[in-house]
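To keep things clear, I will list the structure first and then write my remarks on it.
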Amino acid sequence: ASVSALDLAALSWIVYAVDESNIRQMLKDSFGPGPTLENFTKYDEIPRWLAVRFPPGWKDLSSTGKVSGAAREGADTVVVAVKGTSTFQDGYLDTDLFTTIKVLQFFDFIAPVLKILPIDMVQWILTEVKLKAAVGRNPEMKIWGKLENATEELQRVEEANNK
């Protein structure tokens with residue numbers, strides 16, 4: 001199914017809706033009857049995300065009320081939208097995520113680590129430092145791991161449905 005940049009922009013706004021009924025209403029108002037809410041997390045959960053299924057021909061369905069024969073062909077498209085910063089908890093996480101790199105950028109005039117070392121090495125160093133400082137409980141890895149696991153599960157379900 002075809003999804004445009006404007007459709008993605010609408011989803012990036014919808015992901016900020018607090019409850020399920022608002023999400024469903026905003027989906028219907030934005031896209032019509034075709035797309036469906038597949039899954040989502042609570043508003044205050046980190047990361048907050050939602051998955052929306054766009055069936056083939058959904059644009060025809062929303063404009064004419066029916067899907068033409070040619071538009072029925074093809075696979076569904078599932079889009080995952082992730083909410084950005086909107087709560088204090090999100091702000092604290094952003095501070096934790098970006099403080100290390102901002103400190104390196106600030107002290108660049110003393111030791112230009114970011115300009116001298118290859119990007120891969122800086123990433124490795126930061127990962128090691130953050131893991132050691134967090135004593136094995138790196139919140140960044142947990143957060144992105146949850147999102148990665150959720151999207152992998154969506155992919156597994158999709159593959160099983162298309163066999």
Side-chain angles (χ1 to χ4, degrees), residues 1-102 104-106 114 118-120 122-123 126-127 130 138-163:
S2 172
V3 180
S4 72
L6 290 175
D7 299 328
L8 296 177
L11 283 175
S12 73
W13 178 255
I14 293 169
V15 75
Y16 285 86
V18 177
D19 58 41
E20 182 178 359
S21 62
N22 285 346
I23 293 170
R24 290 188 187 283
Q25 187 61 49
M26 290 175 79
L27 281 172
K28 185 177 179 196
D29 293 346
S30 299
F31 303 112
T36 56
L37 180 64
E38 287 291 301
N39 202 346
F40 67 99
T41 56
K42 294 179 189 169
Y43 183 79
D44 57 356
E45 191 171 324
I46 295 179
R48 177 10 164 14
W49 58 270
L50 58 84
V52 177
R53 176 180 302 279
F54 291 86
W58 70 271
K59 288 184 180 183
D60 289 342
L61 183 63
S62 64
S63 61
T64 65
K66 54 187 166 186
V67 179
S68 66
R72 287 176 214 251
E73 297 176 12
D76 292 355
T77 299
V78 178
V79 177
V80 177
V82 181
K83 180 178 77 68
T85 306
S86 65
T87 65
F88 283 118
Q89 190 176 9
D90 295 337
Y92 291 134
L93 175 65
D94 289 349
T95 302
D96 181 51
L97 292 174
F98 299 112
T99 300
T100 309
I101 199 70
K102 286 311 265 180
L104 285 174
Q105 289 172 341
F106 179 75
L114 296 176
I119 293 172
D120 292 343
V122 172
Q123 290 173 339
L126 291 177
T127 300
K130 294 285 275 184
N138 188 345
E140 296 160 41
M141 299 295 201
K142 288 182 181 177
I143 289 165
W144 297 118
K146 287 194 311 189
L147 182 59
E148 185 178 17
N149 291 341
T151 55
E152 287 172 353
E153 179 61 25
L154 285 168
Q155 286 176 325
R156 278 192 292 278
V157 168
E158 210 44 41
E159 289 170 1
N161 289 340
N162 290 327
K163 287 185 178 180

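All figures in this text were calculated on a predicted structure; none of them were measured in a lab.
- When atom types are taken as modelled, the side chain of Asp90 and the backbone of Thr87 share a donor-acceptor pair closer than 3.5 angstrom.
- Between Leu50 and Val80 the shortest side-chain heavy-atom distance does not fall below 4.5 Å.
- Taking CD1 of Ile14 as the start and CG of Leu27 as the end, the distance is 4.5 Å to the nearest 0.5 Å.
- Put simply, NZ on Lys102 and CD on Gln105 are 4.5 Å apart, with the number rounded to the nearest 0.5 Å.
- Put simply, CG on Asp94 and OG1 on Thr85 are 3.0 Å apart, with the number rounded to the nearest 0.5 Å.
- Under the 4.5 Å side-chain criterion, counting only non-hydrogen atoms from C-beta, Lys59 is in contact with Ser4.
- Within the structure, every pair that satisfies the salt bridge (charged side-chain N to carboxylate O under 4.0 Å, His left out) test and touches residues 24-42, not counting sequence neighbours, is listed here: Glu20-Arg24, Glu38-Arg53.
- Between Glu45 and Arg48 no salt bridge is recorded (no basic side-chain N to carboxylate O distance below 4.0 Å).
- For the 3.5 Å distance criterion, the side chains of Ser86 and Tyr43 qualify, holding a donor opposite an acceptor.
- For the pair Thr41 (side chain) and Trp49 (backbone), a donor-acceptor distance under 3.5 Å is present.
- Taking 4.5 Å as the limit, every side-chain heavy atom of Lys83 sits out of range of all side-chain heavy atoms of Pro47.
- The distance from atom CG of Leu93 to atom OG1 of Thr95, rounded to the nearest 0.5 Å, is 8.5 Å.
- Side-chain atoms of Asn149 come within 3.5 Å of backbone N or O of Gly145 as a donor-acceptor pair.
- Within the 4.5 Å cutoff, side-chain heavy atoms of Trp58 are placed close to those of Asp7.
- The side-chain contact (heavy atoms from CB on, under 4.5 Å) with Phe54 is formed by just one residue from the set Asp76, Thr36, Val78, Leu11; it is Leu11.
- In this structure, the separation between CD1 on Ile46 and CD on Gln89 is 3.5 Å, given to the nearest 0.5 Å.
- Considering all non-hydrogen atoms of both residues, Pro35 and Val52 come closest at CB-CG1, 3.9 Å.
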